[in-house]
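These figures come from a predicted structure and were not determined experimentally.
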Amino acid sequence: MLDDRKAAILRAVVEEYIETAQPVGSNSVARAPGLAVSSATVRNEMNALERDGYLAQPHTSAGRIPTDKGYRFFVDSLPSGRLEAGQTQQVRAFFDRAHGELERMLYDTSRFLSGLTDYAAVVVRDAEDPARIRSLQLVSLGPRIILVVAVLASGAIEKRTLEVQEDVDEVVVGAASARMSALVVGSLFGAPLSVAPSGTREVDVVVSAAAAALVPAGASDHTPQVFVGGASRMANAFDAVTTIRQVLDTLEQQYVLVTLIKDVMDRGLSVAIGAEHGVVPLADCSIVVAPYQIEGEPAGTVGILGPTRMHYEQTLAAVAVVSKRLGQALSKGSEER
């Protein structure tokens with residue numbers, strides 16, 4: 001643990017470096033509000049902070065910059081932040097008008113969050129969607145080919161193609177569609193189905209095939225979906241072209257992003273700083289994450305990827321508010337439908 005003076009000096013260094021991206025000198029820190037100490041005292045304390053791994057000196061004649069350890073102390077000591085009034089109004093206005101299918105809403109949310117923070121934003125939809133089925137329809141595509149279309153309350157659309165063993169006319173498909181709809185509308189997508197015989201063999205064959213296609217495939221057919229907004233903003237966060245290229249390349253690798261976010265969440269973190277997240281191309285980046293829920297069930301994650309010198313307090317507040325409002329909007333849409 002740091003004593004109060006070292007902690008105050010470290011906070012002053014981090015805050016100035018976040019604003020300027022330039023090494024911070026002792027004279028500048030000594031002028032920080034609330035620090036009634038001389039430059040010489042600040043210099044000695046900064047030397048101690050460097051020895052303890054909280055600060056680094058990029059050049060002999062330069063000031064200090066925070067290390068990952070320094071940022072971690074800074075983040076862990078932050079009070080619970082709130083969005084500014086104008087940003088709160090932006091969030092409210094966005095979710096008041098955000099409607100449509102789930103995929104579009106998640107993509108729009110990633111773009112909105114990026115604009116709100118000026119960093120790259122990531123929204124992940126988990127592999128299993130907890131939304132209820134709003135409607136289901138079977139459509140004949142040929143004598144033995146049937147398309148199953150399930151519209152979820154969250155706005156997502158799931159499709160399965162069936163191939164049955166004998167010709168089926170459209171009247172039978174229509175009857176099977178009505179029966180399937182009565183069985184599954186209002187139930188959670190992917191939940192096991194109990195299918196009792198209808199008394200008509202041809203209808204039962206189609207219903208059984210549709211039920212079998214929905215349940216196993218619904219549980220494992222798709223992988224998490226990733227929606228990235230504002231990737232180009234990362235180009236303004238770094239001076240080195242190589243770093244920019246590595247970061248942008250990583251943002252295009254959905255598997256890497258999903259694995260990274262899952263690992264951060266599994267460790268119970270809301271912020272992973274620099275080397276903490278273990279993804280080498282993102283060593284100069286931090287990620288801020290928060291889960292969102294639909295109808296009280298985990299549905300995905302909202303995150304921000306930015307430089308380690310990001311504005312943590314505002315970013316944490318933005319991610320927390322947007323993830324909460326996204327879950328509320330999707331749950332409300334589910335109830336209304």
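Atom CD1 of Ile294 and atom CG of Leu330 lie 4.5 Å apart (nearest 0.5 Å). Rounding to the nearest 0.5 Å gives a distance of 10.5 Å between CG of Leu83 and CZ of Arg92. A distance of 8.5 Å separates CD1 in Ile145 from CG in Leu162, rounded to the nearest 0.5 Å. With values rounded to the nearest 0.5 angstrom, Arg233 atom CZ is found 5.0 Å from Asp118 atom CG. Note that CD of Gln90 and CD of Gln87 are 6.5 Å apart. Values are rounded to the nearest 0.5 Å. For the atom pair CZ of Arg64 and CD1 of Ile9, the computed distance is 11.0 Å after rounding to the nearest 0.5 Å.
Judged purely by atom type and a 3.5 angstrom limit, Arg111 has no side-chain atom pairing as donor or acceptor with the backbone of Tyr107. The backbone N or O of Gly25 sits nowhere less than 3.5 Å from a side-chain atom of Ser28 that would complete a donor-acceptor pair. A donor-acceptor pair is defined here as one N or O able to donate and one able to accept, closer than 3.5 Å; such a pair exists between the side chain of Ser177 and the backbone of Leu138. Checking side-chain atoms of His277 against main-chain N and O of Leu282 turns up a donor-acceptor pair under 3.5 Å. At least one donor-acceptor pair closer than 3.5 Å links the side chain of Thr117 to the backbone N or O of Leu113. A donor-acceptor pair is defined here as one N or O able to donate and one able to accept, closer than 3.5 Å; no such pair exists between the side chain of Thr200 and the backbone of Val203. Between the side chain of Arg144 and the backbone N or O of Gln165 there is at least one donor-acceptor pair closer than 3.5 Å. Remark: side-chain polar atoms of Ser331 are paired, donor with acceptor, to backbone N or O of Gly327 under 3.5 angstrom. Between the side chain of Thr20 and the backbone N or O of Glu16 there is at least one donor-acceptor pair closer than 3.5 Å.
No side-chain heavy atom of Val151 sits less than 4.5 Å from a side-chain heavy atom of Leu136. Under the 4.5 Å side-chain criterion, counting only non-hydrogen atoms from C-beta, Arg325 is in contact with Asp96. Residues Val195 and Asp204 form no side-chain contact, since every pair of their non-hydrogen atoms from C-beta on lies 4.5 Å or further apart. Taking the side chain as every heavy atom from C-beta outward, Ile273 and Val271 approach each other to under 4.5 Å. Phe112 has its side chain within reach of Val91: a pair of non-hydrogen atoms, C-beta onward, lies under 4.5 Å apart. Using a 4.5 Å heavy-atom cutoff, the side chains of Val122 and Ser110 are not in contact. Counting only heavy atoms from C-beta outward, the side chains of Pro66 and Val14 approach each other to under 4.5 Å. Counting heavy atoms from C-beta on, the side chains of Glu103 and Phe227 come closer than 4.5 Å.
The salt bridge (Lys or Arg N to Asp or Glu O under 4.0 Å) search around Lys69 returns none, not counting sequence neighbours. In this structure Asp266 satisfies the salt bridge (Lys or Arg N to Asp or Glu O under 4.0 Å) test together with Lys262, sequence neighbours excluded. Contacts of Lys324 classified as side-chain hydrogen bond (donor to acceptor under 3.5 Å, both in side chains), with partners at least two apart in sequence or in another chain: none. With sequence neighbours excluded, no residue forms a salt bridge (Lys or Arg N to Asp or Glu O under 4.0 Å) with Glu84.
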List the atom pairs, with distances to 0.1 Å, where a side-chain N or O of residues 298-322 and a protein N or O form a donor-acceptor pair under 3.5 Å, not counting sequence neighbours.
{"unit_1": "Arg309", "atom_1": "NH1", "unit_2": "Ile18", "atom_2": "O", "d": "3.3"}
{"unit_1": "His311", "atom_1": "ND1", "unit_2": "Tyr119", "atom_2": "OH", "d": "3.3"}
{"unit_1": "His311", "atom_1": "NE2", "unit_2": "Glu19", "atom_2": "OE2", "d": "2.9"}
{"unit_1": "Tyr312", "atom_1": "OH", "unit_2": "Ser286", "atom_2": "OG", "d": "2.8"}
{"unit_1": "Tyr312", "atom_1": "OH", "unit_2": "Thr308", "atom_2": "O", "d": "2.4"}
{"unit_1": "Thr315", "atom_1": "OG1", "unit_2": "His311", "atom_2": "O", "d": "2.7"}

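A salt bridge links Glu158 to Arg160: one of the charged nitrogens lies within less than 4.0 Å of a carboxylate oxygen. With respect to Arg72 and Glu276, a salt bridge is recorded, a charged nitrogen being found less than 4.0 Å from a carboxylate O. Of the charged side-chain nitrogens involved, at least one lies within less than 4.0 Å of a carboxylate oxygen, so that Arg267 and Asp263 count as a salt-bridged pair. Of the charged side-chain nitrogens involved, at least one lies within less than 4.0 Å of a carboxylate oxygen, so that Lys6 and Asp3 count as a salt-bridged pair.
Taking all atoms of both residues into account, the shortest heavy-atom contact from Ser39 to Ser26 is O-CB, 3.7 Å. Across Ala8 and Leu35, no two heavy atoms sit closer than the pair CB-CD2, 3.9 Å. Taking both residues in full, the closest heavy atoms of Ser140 and Gly142 are given as OG-O, 3.3 Å, listed atom of the first, atom of the second, then distance. Contact between Ser114 and Gly230 at its shortest, heavy atoms only, is OG-CA, 3.1 Å. Across Val206 and Ala176, no two heavy atoms sit closer than the pair CG1-CB, 3.6 Å. Here the shortest heavy-atom pairing between Arg11 and Ser77 reads NH1-OG, 4.2 Å.
Using a 4.5 Å cut-off between side-chain heavy atoms of Ile, Leu, Val, Met, Phe, Trp and Tyr, with links allowed through other members, Leu78 and Leu269 fall into different hydrophobic clusters. In the hydrophobic clustering of ILVMFWY residues, with side-chain heavy atoms under 4.5 Å counting as a link, Leu257 and Tyr292 come out apart. Under the 4.5 Å side-chain contact rule for hydrophobic residues, Ile287 and Val123 do not share a cluster. Val139 and Val185 are assigned to two separate hydrophobic clusters, defined by single-linkage of ILVMFWY side chains at heavy-atom distances under 4.5 Å. Linking Ile, Leu, Val, Met, Phe, Trp and Tyr whenever their side-chain heavy atoms come within less than 4.5 Å puts Val124 and Val256 in one cluster.
Remark: Glu170 CD is loosely packed, at most 12 non-hydrogen atoms of other residues, nucleotides or ligands lying under 6.0 Å away. Within 6.0 Å of CG on Asp76 lie more than 12 heavy atoms contributed by other residues, nucleotides or ligands.
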Item to complete: Would you check, one step at a time, whether the test salt bridge (charged side-chain N to carboxylate O under 4.0 Å, His left out) holds for Arg5 with Glu45?
Response: CA-CA 8 Å; Arg5 188 163 68 188; Glu45 296 288 36; 2.8 Å; yes
Worksheet entry | Check against side-chain contact (heavy atoms from CB on, under 4.5 Å), Met265 and Val289 | CA-CA 7 Å; Met265 295 292 293; Val289 295; 3.4 Å; yes
Worksheet item: Between Leu183 and Val207, does a side-chain contact (heavy atoms from CB on, under 4.5 Å) hold up when you go through it step by step?
Response: CA-CA 10 Å; Leu183 284 171; Val207 168; 4.1 Å; yes
Worksheet item: Which is it for Val13 and Leu55 under the side-chain contact (heavy atoms from CB on, under 4.5 Å) test, yes or no, and what are the steps along the way?
Response: CA-CA 9 Å; Val13 172; Leu55 297 177; 3.7 Å; yes
Worksheet entry | Evaluation steps, side-chain contact (heavy atoms from CB on, under 4.5 Å), between Ile244 and Met234 | CA-CA 7 Å; Ile244 295 171; Met234 297 300 286; 6.0 Å; no
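Applying the ring-ring contact (aromatic ring centres under 6.0 Å, His included) test to residues at least two apart or on different chains, none of the pairs has a partner in residues 7-63.
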